[in-house]
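The structure presented is a predicted model; accordingly, all values stated were derived computationally and were not measured.
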Amino acid sequence: MSDTVKLYRKIADAVAESIESGQYAIGDRLPTERELAEHFGVSRPTLREAMIALEMLGMIEARHGLGIYVTATARPVVPSAEIDFEIGAFELIEARRLFEGEAAALAATSIGDEQIAALEDLLRKMHDEEEIRGEDADREFHLTIARATGNGAIIATIENLWDWRNRSPLARNILARARGLGLEPRIAEHRRVVEALKARDPAAARLAMRDHLERVIDHLLHATETEAVQRAKQETKARRDTIAKRVAI
C-alpha cells in the first residue's frame, strides 16, 4: 500500500481483505481488538477507528461481551474521493495534541491580558446548558490560544484541524457517539491551561493542553465501547419484555 494511505485505513483495508478473501464468513467472530492491535502493531485508538470505519460500511458489528462479528463479505462501492476525505476523530485529537500543546507553550510567552480575559469569559460560556453554545465556546477557547501565538501558520493549522471535525463522516460518527454519552467541554482541564498561561509558564501550558487532549482521547475510547454496552442493554430489555408478554398470556 502507498505510504500516503492513512494508518487506520490500512488496517481497515487489511481486515476487509481478509473477510473478502473468505478467511471470515458472515457470522464469524474476528480476533479481539487487543489481538488485532498487537497483530498490526498499532495503538487502540487507531484500531478502534479502523473497526468503526468497517462498521460504518456495514461489514462488521461489535457485540458487547461477545466480540466483533462479520455482517457482510464485500465492501460497498464508495467513491475514492470520499474515502480520501476521511479523517478520524482519534487522528484529529492526536494531531491537535501535538500542535496545540506547542501552541499553548508559545502563547504563554506572548499572551496579553485581554486574551486572558477572553479565555476566562469563554470558560464561563462553556457552562452553557445548550450543547451548541458550549461547543462553540470550546472551539473559540482553543483558537484564542492559537491566535495568542501571533503565528499565522499555527492559527490556520489549528483552525483547519477543528474544521475537519465536521468535514469527515468518520470523525462526525465518532464524535456523535461521544456526545450521546456526555462529551462536553472539560472545564477543570481548560482552567488548568488558563492558569498556566496566566503564569506565563510555557512548560506548564504545554503539559496542561496535552493532558487535556489525552483525556479527550480516553473519553472517545470509552464512548465507542459504551455505545455497544447500551445497545446490548436495550436488546436484553427487549427480549425480557417479549418473554414477559408470553408468560402473561
Side-chain angles (χ1 to χ4, degrees), residues 1-96 160-181 183 216-235 238:
M1 293 183 188
S2 168
D3 289 338
T4 61
V5 176
K6 303 173 188 71
L7 184 55
Y8 85 87
R9 277 276 318 283
K10 290 184 179 182
I11 308 307
D13 287 344
V15 174
E17 286 166 9
S18 295
I19 294 172
E20 291 171 331
S21 70
Q23 183 176 344
Y24 300 102
I26 291 177
D28 283 353
R29 185 175 66 180
L30 295 179
T32 65
E33 282 194 352
R34 176 178 295 180
E35 291 170 337
L36 288 170
E38 290 177 354
H39 173 73
F40 290 111
V42 297
S43 65
R44 282 181 65 210
T46 297
L47 195 283
R48 182 67 53 77
E49 215 143 49
M51 294 299 99
I52 291 174
L54 290 177
E55 188 176 8
M56 288 174 65
L57 290 175
M59 294 193 72
I60 65 169
E61 179 185 28
R63 301 173 186 172
H64 176 63
L66 298 175
I68 306 167
Y69 285 79
V70 176
T71 53
T73 55
R75 283 171 280 193
V77 177
V78 180
S80 58
E82 183 177 326
I83 293 176
D84 291 340
F85 208 53
E86 286 279 339
I87 291 182
F90 290 107
E91 283 188 321
L92 284 174
I93 301 300
E94 286 175 345
R96 285 183 54 206
N160 195 43
L161 287 172
W162 272 85
D163 290 344
W164 271 109
R165 289 158 54 103
N166 296 319
R167 293 179 194 165
S168 167
L170 179 58
R172 288 200 306 269
N173 180 286
I174 294 174
L175 291 169
R177 298 178 191 213
R179 277 193 294 272
L181 292 168
L183 177 62
V216 174
I217 290 174
D218 290 342
H219 181 87
L220 291 181
L221 283 169
H222 172 71
T224 49
E225 287 174 346
T226 308
E227 187 195 42
V229 175
Q230 297 301 320
R231 185 166 59 238
K233 287 181 178 179
Q234 291 170 358
E235 291 171 354

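Heavy-atom minimum distance, Met59 versus Ala16: SD-CB, 4.0 Å. Between Gly88 and Leu170, the shortest heavy-atom contact is CA-CD2, 3.7 Å. Closest approach of Ile60 and Thr71 over heavy atoms only: N-OG1, 3.3 Å. Taking every heavy atom of both residues into account, Leu161 and Leu92 meet most closely at O-CD2, 3.7 Å. In terms of heavy-atom proximity, Ala72 sits nearest to Gly58 at CB-O, 3.4 Å. Across every non-hydrogen atom of Leu36 and Pro31, the tightest pair is CD1-O, 3.6 Å.
With sequence neighbours excluded, the residues satisfying side chain to side chain contact (heavy atoms under 4.5 Å, CB included) with Glu94 are Ser43, Pro45, Ile217. Shown here are the side chain to side chain contact (heavy atoms under 4.5 Å, CB included) partners of Ala12, two or more places apart in sequence or in another chain: Ala50, Leu54. Remark: Thr73 engages no residue in a side chain to side chain donor-acceptor pair (under 3.5 Å) (not counting sequence neighbours).
Rounding to the nearest 0.5 Å gives a distance of 5.5 Å between CZ of Arg75 and CD of Glu17. Interatomic distance, Arg9 CZ to Ile11 CD1, rounded to the nearest 0.5 Å: 11.5 Å. Taken from CG in Asp13 to NZ in Lys6, the straight-line distance is 11.0 Å, to the nearest 0.5 Å. Atom-to-atom distance recorded for Ile52:CD1 and Asn173:CG is 6.5 Å, nearest 0.5 angstrom. Atom-to-atom distance recorded for Glu61:CD and Glu55:CD is 7.0 Å, nearest 0.5 angstrom. Note that CG of Leu220 is 5.0 Å distant from CZ of Phe90, once rounded to the nearest 0.5 Å.
Looking only at side-chain heavy atoms (C-beta outward), Val15 and His39 stay at 4.5 Å or farther from each other. Using a 4.5 Å heavy-atom cutoff, the side chains of Val216 and His219 are not in contact.
Counting only distance, with no hydrogens or angles, the side chain of Glu49 and the backbone of Tyr8 share no donor-acceptor pair below 3.5 Å.
Applying the salt bridge (charged side-chain N to carboxylate O under 4.0 Å, His left out) definition to pairs two or more places apart or across chains, those involving residues 24-44 are Glu33-Arg48, Arg44-Glu225.
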